[in-house]
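This report refers to the structure that appears directly beneath it.
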Amino acid sequence: MTEFIVIVESGADARIATKLAERVLQEKFDWLDNDILQHCFQWTGLEEGTEFSCWRDIRKIIDDAKKQLKYNEPRYLGHYSKGVSLEADGAASIKILNLVRFLQKTRHIKAVIFIRDLDNQPERKEGIEQARSAHINKTPKLEIIIGAADPKREAWVLNGFISSNQQEEQILEEIKNKLSFDPCIESHRLRATSEKEPERIRNVKVVVEQLTGNMEREKQCWEDTSLKHLRERGVDTGLTDYICEVEERLAAIILSE
């Protein structure tokens, strides 16, 4: 079966990225119901039998591939074109793509999805884009999709948050008054990293916790909120860009299968 490799920071990242991608594809192809979707492709990690791989585990995964699959890792040169140095995450992304090229010999891998929190480091996305540029025209064909959450995945959750009852409306109003802006419309402004006062209210993770309280409520923000709404609110958080990448790059694979 066709495989789409998912590279993320956590299982929560994988859930939001894959579900959103499925929704985008089903919007684009009205014949793609849940039953057909299951047989079109599967989300996998670099290692067989996994659903995703984490950035922090890449070195170990590559070392295991060397031992178990006789993978011969290409020598790392530290730049991707004409001596231009790789930005943050560029080297790791190239190493991942090199391994995927090797895995394509025995597995039907058609795409790699890179999901990354920028964490106030825009060079992370630049590095992944450099890696994509270095691999995009190689054979066999491999689509490379980038989802860069600015500043974090939780900003995407807030983009999809719509109050469902009076209590949630009240909590949101209190947060808006403290911030002097709507955290769901401008979640990219929640850049604090501390969970201590006075920075706490500007930490995107803290705001998501206050508004949703649990993962089930959080999931509704990307599973139930309309894609139109997400596209409109996600311009500054990288969510709209990710949706566009799925529409353009993953959809092309579905059409070609």
Side-chain angles (χ1 to χ4, degrees), residues 6-24 52 54-56 88-89 113-125 128 146-246:
V6 182
I7 308 295
V8 291
E9 294 182 34
S10 68
D13 293 3
R15 285 192 291 274
I16 190 171
T18 56
K19 182 60 180 180
L20 279 171
E22 289 173 1
R23 290 186 63 198
V24 170
F52 58 85
C54 290
W55 288 93
R56 64 178 177 273
D89 285 347
I113 294 89
F114 288 107
I115 302 295
R116 192 63 154 145
D117 287 350
L118 291 188
D119 287 330
N120 301 324
Q121 300 173 66
E123 61 271 19
R124 286 183 170 181
K125 183 180 181 182
I128 302 171
I146 301 171
D150 189 13
K152 294 180 180 291
R153 171 194 72 86
E154 286 81 2
W156 291 5
V157 177
L158 289 177
N159 287 154
F161 181 83
I162 298 172
S163 300
S164 62
N165 55 52
Q166 193 171 358
Q167 183 183 8
E168 288 184 354
E169 285 178 16
Q170 184 178 343
I171 294 170
L172 179 57
E173 279 303 315
E174 290 172 359
I175 294 172
K176 284 161 67 173
N177 289 334
K178 288 179 183 176
L179 290 170
S180 299
F181 64 85
D182 189 328
C184 302
I185 295 173
E186 298 183 86
S187 58
H188 62 286
R189 295 176 62 182
L190 299 171
R191 297 190 172 275
T193 55
S194 173
E195 294 191 8
K196 296 179 180 178
E197 300 294 356
E199 293 289 298
R200 180 176 171 79
I201 194 59
R202 291 182 178 272
N203 184 313
V204 67
K205 288 179 178 285
V206 170
V207 175
V208 167
E209 175 62 28
Q210 290 180 352
L211 284 174
T212 64
N214 59 71
M215 182 53 72
E216 283 306 308
R217 178 65 183 94
E218 203 175 304
K219 282 167 62 177
Q220 292 173 16
C221 298
W222 67 79
E223 291 189 354
D224 299 339
T225 301
S226 74
L227 290 175
K228 179 178 182 293
H229 188 94
L230 295 175
R231 287 186 183 96
E232 290 171 352
R233 283 191 173 182
V235 172
D236 293 315
T237 61
L239 176 54
T240 305
D241 286 343
Y242 174 62
I243 290 173
C244 289
E245 293 241 342
V246 171

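Quick note: residue numbers are just sequence positions, from 1.
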### Task
Test L20 against V246 for side-chain contact (heavy atoms from CB on, under 4.5 Å), laying out the working first.
CA-CA 9 Å; L20 279 171; V246 171; over 6 Å; no
### Query
Under the salt bridge (Lys or Arg N to Asp or Glu O under 4.0 Å) criterion, do D241 and K125 qualify, and how do the steps go?
CA-CA 12 Å; D241 286 343; K125 183 180 181 182; 3.7 Å; yes
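Put simply, the side chain of L211 does not reach to within 4.5 Å of the side chain of E168, judged on heavy atoms. You'll find the side chain of Q210 reaches within 4.5 Å of the side chain of I201, heavy atoms only. Proximity of W222 to R153: side-chain heavy atoms (C-beta onward) are separated by under 4.5 Å at one or more points. Side-chain contact between K219 and K19 is absent, with no heavy-atom pair separated by less than 4.5 Å. Here the side chains of R191 and D150 are in contact, with some heavy-atom distance below 4.5 Å.
In this structure, E186 CD and S180 OG are separated by 10.5 Å, a value rounded to the nearest 0.5 Å. Taking OG1 from T240 and CG from N159, the interatomic distance works out to 7.0 Å, rounded to the nearest 0.5 Å. Atom CD of E169 is separated from atom CD1 of I162 by 11.5 Å, given to the nearest 0.5 angstrom. To the nearest 0.5 Å, the span separating CD1 on I146 from CZ on R124 amounts to 14.0 Å. One finds the CD1 atom of I115 at 10.0 Å from the CD1 atom of I7 (value rounded to the nearest 0.5 Å). Taking CD1 from I243 and CH2 from W156, the interatomic distance works out to 8.0 Å, rounded to the nearest 0.5 Å.
The pair E232-K228 meets the salt-bridge criterion, since a charged nitrogen lies less than 4.0 angstrom from a carboxylate oxygen. Salt-bridge formation is not detected for the pair E199/R202: no Lys NZ or Arg NE/NH1/NH2 atom is positioned less than 4.0 Å from an Asp or Glu carboxylate oxygen. Under a 4.0 Å N-O distance rule, the pair D224/R217 does not qualify as a salt bridge.
Between R233 and I185, the shortest heavy-atom distance links the atoms NE-CG1, 3.9 Å. Contact detail for T237 and A155: the closest heavy-atom pair is CG2-CB, 3.9 Å. What you find for V8 and V6 is that their closest heavy atoms are CG1-CG1, 3.6 Å. The shortest non-hydrogen separation linking L230 to C221 is CD2-O, 3.9 Å. Closest heavy-atom contact between C184 and F161: SG-CD2, 3.8 Å. For the pair L190 and L179, the tightest heavy-atom approach, listed with the atom from each and the gap, is CD2-CD1, 3.9 Å.
Residues meeting the side-chain hydrogen bond (donor to acceptor under 3.5 Å, both in side chains) test with S226, sequence neighbours left out: none. For R116, the side-chain hydrogen bond (donor to acceptor under 3.5 Å, both in side chains) partners two or more places apart in sequence, or in a different chain, are E9, D89.
The backbone N or O of E216 sits less than 3.5 Å from a side-chain atom of N214, completing a donor-acceptor pair. D117 contributes no side-chain N or O that, together with a main-chain N or O of A149, makes up a donor-acceptor pair within less than 3.5 Å.
Shown here is E197, whose CD atom has more than 12 heavy atoms of other residues, nucleotides or ligands within 6.0 Å.
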Without placing hydrogens or testing angles, list every side-chain donor-acceptor pair under 3.5 Å for residues 170-178, not counting sequence neighbours.
from	atom 1	to	atom 2	distance (Å)
E173	OE2	K176	NZ	3.0
N177	ND2	E173	O	3.2

